[in-house]
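Single-structure report; data block below.
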Amino acid sequence: MQPLIEPLYSGRSTHEFVSLLAGQTESRGYDLVRAYWQKQHSGPDFEAFWRKSVHDGWIEGTAYPAKRVTLKATNSQSHTAPDGNSLEINFRRDPSVYDGRFSNNAWLQELPKPLTKMTWDNPVMIGPAMAERLHVKSEDIVELQLQGRKMEAPVWIQAGHPDNAVTVFLGYGRRRAGRAGTGAGFDFYPLRMSAAPWFTSGLQIRATGGTYKLATTQGEQTMDTPVGARPLVREASLEEYKQHPKFATEEEPPSPLTLFPAFDYKKEPYAWGMAIDLNACVGCNNCIVACQSENNIPVVGKEQVVRGRHMHWLRVDAYYQGDRANPRAFFQPVPCMQCENAPCEVVCPVGATVHSTEGLNDMVYNRCVGTRYCSNNCPYKVRRFNFLLYQDWDTPQYKLMRNPDVTVRSRGVMEKCTYCVQRITQHRIDAERADRKIADGELQTACQQSCPANAIIFGNINDPNSRVAKLKAHARNYGLLDDLNTRPRTTYLAEVRNPNPELKE
Amino acid sequence: MDEPLEEVEVGQRAPVIEPGYTFTTVTDKISSIVLTRPTSMGWLVGFGISFLLTMMLLYAIGYLFLRGVGIWGVNIPVGWGFAIVNFVWWIGIGHAGTLISAILLLLRQSWRNSINRFAEAMTLFAVAAAGLFPILHLGRPWLAYWLFPYPNTMNYWPQFRSPLVWDVFAVSTYFTISLVFWFIGLIPDLATLRDRADSRAAQIIYGILAMGWRGSARHWHRYETAYLLLAGLATPLVLSVHTVVSFDFAISIVPGWHTTIFPPYFVAGAIYSGFAMVLMLAIPIRKFYGLEDFITERHLQNSAKVMLATGLIVAYGYAIEAFMGWYSGNTYDQFLFWNRLHGPYHAWYLLLLVCNIVIPQVLWIGKLRSSPFFLFLISLDILIGMWLERFIIVVVSLHRDFLNSSWGMYYPTRWDWMTYFGTIGMFLAAMFLFVRILPMISIFEMRTLLPQAEVKPE
């Protein structure tokens, strides 16, 4: 028990409540706990013991002894190959809400699942060939029947999903999870038996004809268009890379075609930039939640996500290329590109988005009147708009949740990734007080800090020895849509793949 | 001596005013609509319906201010929806009024005299309806004045590189000039109404509005000069306003917007839809108020010809857009065109081609050009087509741009529709009031069209 703050609501703690039932009135939780430990403590200096315990958060010498454990062989389930009529069903814990224990966490509910970009729901995943046989599209409702147990749920066609099998995710359909979790998705536990907890065959599936609206955050999961594929994620095999190390930048970005002299960022002490290594990114979504937490990004709910209004400043695009049954998958985290020639800035009528000398494309929330022209003109579509009042301004506990260094945005205001400008400012102040420059690696953005694969590198590109500058000098470095001459500060390191030839088809 | 010549002319083309009128009968006929004719049941019903629609608009605006633009269908990527579509549509409609009153005046096209007054009123009300939308569509509409360069303690001005700031100047100038031009043109007629009004209240109100007009030679001299000057001022606006509106799109980098053909093609489209609206108003008005003698077949014919010509310019614009999409070799431009033809909104695009290009070709047939009923239908068709054109430009360009991952769809909500139909109601309500309380045809300019007004050499 850490007696740190005044209670937000005039409630009573468990200790106080129990002591009330026991007939003790007007006792504070702090006093109750202290009185208890005073009786328990036999040593000489209680005050020192108490202060140390409260400070540490635990009481010394009360740890349980470590247990010795040994592995024991269990009966592993035998797998029978599904025949023509019956299908295999796989039960998986949800990538966001796990087995349901996190289902009342709205951040996780609205976190797009790594492969499907689905939020707030857990549709039945099937492969493209099976969808064709069943004559279903994504969002069509199917009936699943497994050993006499039936349930209905919508399907989602997932490129690369094995044929003759379906995957369902657990952790949804909770009836009493709380404000965020109750009623979201479908509960597949009734189909699952202890005899076959993770997969079994004998599933029957049929389309019911109904539909169900699903909320995904990604419009299209392919880079192909009818007039050719777009070079968004660039990749090569190891051999190709060895022959053409600069394969990602075959098309040179245009030279500056302007009469106006460009701002000389080289003269500034800092020029912030970011490099994202697509080889390293595994699409885990950690960066999205880290960003949401750092930057006070609101959750908007399923209905608003369906309308196309999710607020994540950083998204991870997932693309599937090639044969839909066995595609190559790509992940591409997309924060604001902080373009040096930012298309958003010239069209804002009130100058609410402007460039800093350090190369940041700053948002001035106070000045924004909400024309949304900047978002229309942003080729990366990283800008997010408060179409309604998405922030809860009143509930006291959310005030504690928020980062005090970041503005809580109101309705009608545009927002977007700032490269965690509050952290930059904090470090700049610290460095100036110590009369030094910000050292490389000292300053991390929230997404970079949380990335388990170190795929996101941020730093000062004016310092040739910084990690980001070295990565940007790398042959694999390319700018997304750099043929538009936006001169993005966020660049990508193209993927180089080296698949095991024996695994190749 | 000249009479045989005149007869030949009349025989070839319908006259701009039917024969048999004198100065007095012209004045009587037009002023009686305002002064003596009882308010008809039809007017009451029509005004009532448009008034109710106006109330619906106020309701939709009230809810919008309460909740935010999220009540509409806009999203990311489609940041602009119905509001901008309607804005461009309305402001385009206004253009015909200015063209008729200013450019045709300078070109001495005297047939314009019968339709310029209500065409100018139409311009005013259409620009008023258009002007609502840029404010309503803001996330924080109460800060709309930040787009004006007003002095403030922070010495902060608008960002002049943004076409939205140019829009503020273009539209506010347009509205001001149109209002002044319209009002100055009304003054001699207001004086006529003042002199003919029976009720004291009407005499006072028209009297104040007539600003002491006595019809002296000096008044007329100054009036003609002022009117000509204003026509000169208004003339460039016909071209500039919609050019600036088209810059809202052309300046951006969005495929489908970033096009140099936009200014001329927008101006032609504006006049196209504007004349359609003129006809849609003129045809019922001449019927219900018995003004077939003043708004004659000649006017219908001429308006139809303008529509045919501007419609062909618009068709050329579409063709160039398609050609450039292919010729540019730019994958985004090529996809844009594929998406128009095959994407989720392809039915809207095909409907646009039918409404704006295919159907109006019947205007080549002279007989149909003089049939009020057919012209009314074709005008309606063009107005729908021009609305669809703006929808295609705004929504279909935005919904699938550079990054496939960010593609989306736009579905208008009932609030979008209520706001749109609400402005139509507001426009019609204003038109109903206008025909009831002001002379909808310029009395004194009509009198100059009479043969008696011709100054004969001694």
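In this text the structure is predicted, and so the values were computed from the model without any measurement. In what follows, every chain begins at residue 1, and chains take the letters A, B, ... in the order their sequences are listed.
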For residues 322-329 of chain B, which side-chain N or O atoms pair as donor and acceptor with protein atoms under 3.5 Å away, sequence neighbours left out?
{"unit_1": "B:S328", "atom_1": "OG", "unit_2": "B:M324", "atom_2": "O", "d": "3.1"}
{"unit_1": "B:S328", "atom_1": "OG", "unit_2": "B:G325", "atom_2": "O", "d": "3.2"}
{"unit_1": "B:S328", "atom_1": "OG", "unit_2": "B:N330", "atom_2": "N", "d": "3.1"}

Taking side chain as everything from C-beta outward and backbone as N, CA, C, O, which of these in [X] sits under 4.5 Å from a heavy atom of chain A? Side chain, backbone, both or neither.
| X | result |
| --- | --- |
| B:L136 | neither |
| B:L66 | backbone |
| B:W142 | side chain |
| B:V74 | both |
| B:W80 | both |
| B:Y332 | both |
| B:Y145 | neither |
| B:F148 | neither |

Is the count of non-hydrogen atoms from other residues, nucleotides or ligands lying under 6.0 Å from [X] atom [atom1] greater than 12?
| X | atom1 | answer |
| --- | --- | --- |
| B:Y156 | OH | yes |
| B:W348 | CH2 | yes |
| A:H355 | NE2 | yes |

Of all of B:I84, B:D248, B:V165, B:L403, which one pairs up most often with chain A through heavy atoms under 4.5 Å apart? B:L403
Heavy atoms only, distances under 4.5 angstrom: which of B:P158, B:S406, B:A83 has the most pairs with chain A? Name it, please.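 So the answer, after comparing B:P158, B:S406, B:A83, is B:S406.
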Name the region of [X], side chain, backbone, both or neither, that has any atom closer than 4.5 Å to a heavy atom of chain B.
| X | value |
| --- | --- |
| A:R230 | side chain |
| A:P343 | side chain |
| A:N386 | neither |
| A:R383 | backbone |

With A:E340 via salt bridge (Lys or Arg N to Asp or Glu O under 4.0 Å) - residues at least two apart: A:R487, A:R489
List for me each residue that meets salt bridge (Lys or Arg N to Asp or Glu O under 4.0 Å) alongside A:E415, sequence neighbours excluded, and say none if there are none. A:R409
Under 4.5 Å, counting heavy-atom pairs only, tell me which of [options] racks up the most with chain B.
| options | answer |
| --- | --- |
| A:T217, A:N376, A:T371 | A:N376 |
| A:D317, A:V346, A:T225 | A:V346 |
| A:C374, A:S375, A:C368, A:G228 | A:C368 |

Identify the residues of residues 298-308 of chain A whose heavy atoms come closer than 4.5 Å to a heavy atom of chain B, ordered by number, or report 'none'. A:R307, A:G308
Check whether the side chains of B:H399 and B:N339 place a donor and an acceptor atom closer than 3.5 Å, and report yes or no. yes
